[in-house]
Engineer: 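The structure that follows is given in the form of structure tokens.
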Amino acid sequence: MNNLLNPVNALRTLAVFSALPILMRVATQGDITGLFLLWNLFLAWLPLPLARGFASTLAITSKERIMMASVFFLAWLFFFPNAPYIVTDLIHLEGEHDPAYWLEATVLFALATTGMFTGMYSMYIIHRSLQKLTGLILSWLIMGGCAFLSGFGIYLGRIQRWNTWDIITRPLALLKGAYHGAQETIAIEMTIGFGLLIIICYFMLISLVGYEKRTS
């Protein structure tokens with residue numbers, strides 16, 4: 001039971017629950033249309049090991065630790081939007097009068113929940129480490145900025161269809177798309193909307209944890 005209460009193990013359980021129906025459909029029906037959701041789930045997981053790498057690097061005593069930690073932080077920031085982005089996969093729900101609709105809804109909601117929980121946990125690890133390095137106020141300002149940058153990243157992924165690795169393979173084209181996109185109303189709305197959603201979900205997480213610690 002204690003192993004299940006470990007946050008990573010709990011997230012793994014939720015991820016398996018999310019992925020199993022998709023894998024069963026591939027095995028029994030040969031239907032591979034949902035495999036892209038597993039890829040999105042994988043991308044949603046990446047911020048977590050990057051956040052743990054950031055925290056571990058800051059904990060060591062080395063002259064290069066700040067440089068190494070900066071690499072982990074930037075990698076986390078680039079991949080973090082993939083975690084809340086998976087919420088937008090709810091767009092694939094269709095056919096509400098089909099009984100299978102509710103199975104699809106359950107799977108997509110489980111995937112979205114996994115992405116959000118994984119993202120919030122990685123955010124907590126980053127924030128906790130940053131707070132020791134920069135102090136309370138600056139760490140909160142940095143995390144708030146990351147939340148809204150993630151909101152813009154979700155816009156770039158869902159609307160303009162950019163991928164995280166385009167930062168390396170097509171950086172100039174991505175910057176051009178981001179520049180023009182930043183002037184669109186939908187980009188502003190999604191940046192603010194998802195940014196606030198991330199901040200609220202994160203605040204709920206740490207407030208629940210903090211409250212339980214104070215009252216236990």
Side-chain angles (χ1 to χ4, degrees), residues 1-23 37-60 65 68-90 106-136 139-140 142-151 153-154 164 194-216:
M1 184 62 179
N2 289 334
N3 287 334
L4 184 58
L5 291 177
N6 180 292
V8 175
N9 288 337
L11 287 169
R12 285 172 180 161
T13 302
L14 184 56
V16 170
F17 172 79
S18 305
L20 196 57
I22 299 173
L23 294 174
L37 293 170
L38 298 184
W39 175 247
N40 287 351
L41 181 62
F42 168 74
L43 292 176
W45 262 91
L46 285 181
L48 186 53
L50 292 171
R52 299 179 81 175
F54 173 78
S56 298
T57 302
L58 280 183
I60 65 176
R65 72 184 185 112
M68 294 168 59
S70 298
V71 172
F72 273 111
F73 178 79
L74 288 175
W76 172 82
L77 182 59
F78 288 148
F79 281 98
F80 176 71
N82 291 299
Y85 170 87
I86 207 169
V87 173
T88 66
D89 281 330
L90 292 171
T106 302
V107 172
L108 288 173
F109 181 76
L111 288 165
T113 303
T114 304
M116 285 300 292
F117 282 168
T118 304
M120 294 305 99
Y121 184 40
S122 75
M123 196 172 183
Y124 175 74
I125 295 172
I126 292 287
H127 188 192
R128 184 178 57 185
S129 300
L130 272 179
Q131 188 169 322
K132 296 176 183 178
L133 185 67
T134 65
L136 178 64
S139 66
W140 268 107
I142 292 174
M143 299 318 294
C146 290
F148 286 106
L149 283 174
S150 179
I154 293 171
T164 304
F194 275 99
L196 289 175
L197 176 64
I198 292 167
I199 291 172
I200 292 170
C201 288
Y202 179 64
F203 186 76
M204 287 178 62
L205 169 66
I206 62 171
S207 64
L208 287 170
V209 172
Y211 179 79
E212 289 300 320
K213 286 182 178 179
R214 290 193 301 270
T215 56
S216 60

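The analysis underlying the following values was restricted to heavy atoms, covering all of them including side chains, and did not include hydrogens, waters or symmetry mates. Since we're looking at a predicted model, the values are computed, not measured.
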Engineer: Between atom CG of L50 and atom CZ of R52, what is the distance when rounded to the nearest 0.5 Å?
Structural biologist: 12.0 Å
Engineer: Kindly compute the distance separating CH2 (W76) from CD1 (I125), expressed to the nearest 0.5 Å.
Structural biologist: 10.5 Å
Engineer: Of the non-hydrogen atoms in F194 and G151, which two are nearest, and what is the gap between them?
Structural biologist: CB-CA, 3.8 Å
Engineer: For a side-chain contact (heavy atoms from CB on, under 4.5 Å) check, start with the C-alpha distance between I126 and M123, then their side-chain angles and the critical distance, and finish with the verdict.
Structural biologist: CA-CA 5 Å; I126 292 287; M123 196 172 183; 5.7 Å; no
Engineer: Please work out whether the ring planes of H127 and W140 are parallel, tilted or perpendicular, with thresholds of 30° and 60°.
Structural biologist: perpendicular
Engineer: Please check this pair: side chain of S122 against backbone of G119, looking for a donor-acceptor N/O pair closer than 3.5 Å.
Structural biologist: yes
Engineer: With a 4.5 Å limit on heavy-atom distance, are the side chains of F54 and L58 in contact?
Structural biologist: yes
Engineer: Just wondering, do V8 and Y121 contact through their side chains at under 4.5 Å, heavy atoms?
Structural biologist: yes
Engineer: Is any side-chain heavy atom of F73 closer than 4.5 Å to one of L130?
Structural biologist: yes
Engineer: Restricting to non-hydrogen atoms, name the atom on Y124 and the atom on I206 that form the minimum distance, rounded to 0.1 Å.
Structural biologist: CD1-CG2, 3.7 Å
Engineer: How close do S18 and T114 get, heavy atom to heavy atom, and via which atoms?
Structural biologist: OG-OG1, 3.3 Å
Engineer: Quick one: CZ on F72 to CZ on R65, what's the gap to the nearest 0.5 Å?
Structural biologist: 14.0 Å
Engineer: Rounded at 0.5 Å granularity, tell me how far CG in L111 sits from OG1 in T106.
Structural biologist: 11.0 Å
Engineer: Give a yes or no on whether F148 atom CZ has more than 12 heavy-atom contacts from other residues, nucleotides or ligands under 6.0 Å away.
Structural biologist: yes
Engineer: Would you say that I198 contacts M120 through its side chain, given a criterion of any heavy-atom pair below 4.5 Å between the two side chains?
Structural biologist: yes
Engineer: Does any part of the side chain of T164, heavy atoms only, come nearer than 4.5 Å to the side chain of L46, both counted from C-beta?
Structural biologist: no
Engineer: Give the minimum heavy-atom separation between G115 and I86, together with the two atoms involved.
Structural biologist: CA-CG2, 3.8 Å
Engineer: Determine whether F79 and L48 make a side-chain contact, defined as any pair of heavy atoms from C-beta on separated by less than 4.5 Å.
Structural biologist: no
Engineer: Mind listing the closest non-hydrogen atom pair of T57 and A69 along with its distance?
Structural biologist: CG2-N, 3.5 Å
Engineer: Out of curiosity, F109 CZ to M116 CE, how far, rounded to the nearest 0.5 Å?
Structural biologist: 10.5 Å
Engineer: Just verifying a value: how many Å separate I142 CD1 and L77 CG, rounded to the nearest 0.5 Å?
Structural biologist: 10.5 Å
Engineer: For this output row, return yes or no: ring centroids of F42 and W45 closer than 6.0 angstrom.
Structural biologist: no
Engineer: Report, as yes or no, whether the 6.0 Å neighbourhood of atom OH on Y202 holds more than 12 heavy atoms from other residues, nucleotides or ligands.
Structural biologist: yes
Engineer: Closest approach of A19 and L38, non-hydrogen atoms and distance?
Structural biologist: CB-CD2, 3.5 Å
Engineer: Determine whether a donor-acceptor pair (N or O, by modelled atom type, separation under 3.5 Å) exists between the side chain of S150 and the backbone of C146.
Structural biologist: no
